[in-house]
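Reviewing the structure listed below.
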Amino acid sequence: PRVGERVVVNAQVSVRSLPSTSANLLTYADQGRQFSVLAGPQSADGFVWFQIRSDDGTIEGWAAEGDGTTRWISPLE
């Protein structure tokens, strides 16, 4: 994904305050939910992170793209 692109969540993901597994957990994004990419990629704690925001603005934070085997967020096609 790139800044400005739309992404979809492929599996429930943690949304955190910063791009780190130790950052505050803000909420979870459910599978199928769509977001806009605000920033990233940033590498931390073995993951690639993107800052995402929901269309209605209720969810905004950092989510890991995947674990190297499975993509948790993907660009919309």
Testing the basics here: between V48 and S43, what is the closest heavy-atom pair and its distance to 0.1 Å?
CG2-OG, 4.2 Å

T21: partners by side-chain hydrogen bond (donor to acceptor under 3.5 Å, both in side chains), with sequence neighbours left out
D45

If you look at every heavy atom in R16 and A23, which pair is closest and at what distance?
NH1-O, 2.7 Å

What pair of heavy atoms forms the shortest contact from S54 to R33, and how long is it?
CB-NH2, 3.5 Å

Closest heavy-atom contact between A29 and F35?
CB-CZ, 3.6 Å

Nearest 0.5 Å please: distance from the CD1 atom of I52 over to the CD atom of Q34.
11.5 Å

Taking all heavy atoms of V3 and all of G40, pick out the closest pair and write down the distance.
CG2-O, 3.9 Å

side-chain hydrogen bond (donor to acceptor under 3.5 Å, both in side chains) involving E65 - partner list, sequence neighbours excluded
R71

Determine, stepwise, if the pair F50 / V7 fulfils side chain to side chain contact (heavy atoms under 4.5 Å, CB included).
CA-CA 10 Å; F50 290 90; V7 292; over 6 Å; no

Verdict with reasoning, W62 to S17, per side chain to side chain contact (heavy atoms under 4.5 Å, CB included)
CA-CA 6 Å; W62 291 85; S17 59; over 6 Å; no

In short, L26 meets E60 closest at the heavy-atom pair CD1-O, 3.3 Å

Criterion side chain to side chain contact (heavy atoms under 4.5 Å, CB included) on Q42 and L18, from CA distance to verdict:
CA-CA 10 Å; Q42 290 218 357; L18 297 168; over 6 Å; no

So, does W72 use its side chain to make a donor-acceptor pair with the main chain of A64 at under 3.5 Å?
no

In this structure, would V15 and V8 fall into the same cluster of hydrophobic residues linked by side-chain contacts under 4.5 Å?
no

Would you compute the distance between atom OG1 of T27 and atom CD of Q12 and round it to the nearest 0.5 angstrom?
8.5 Å

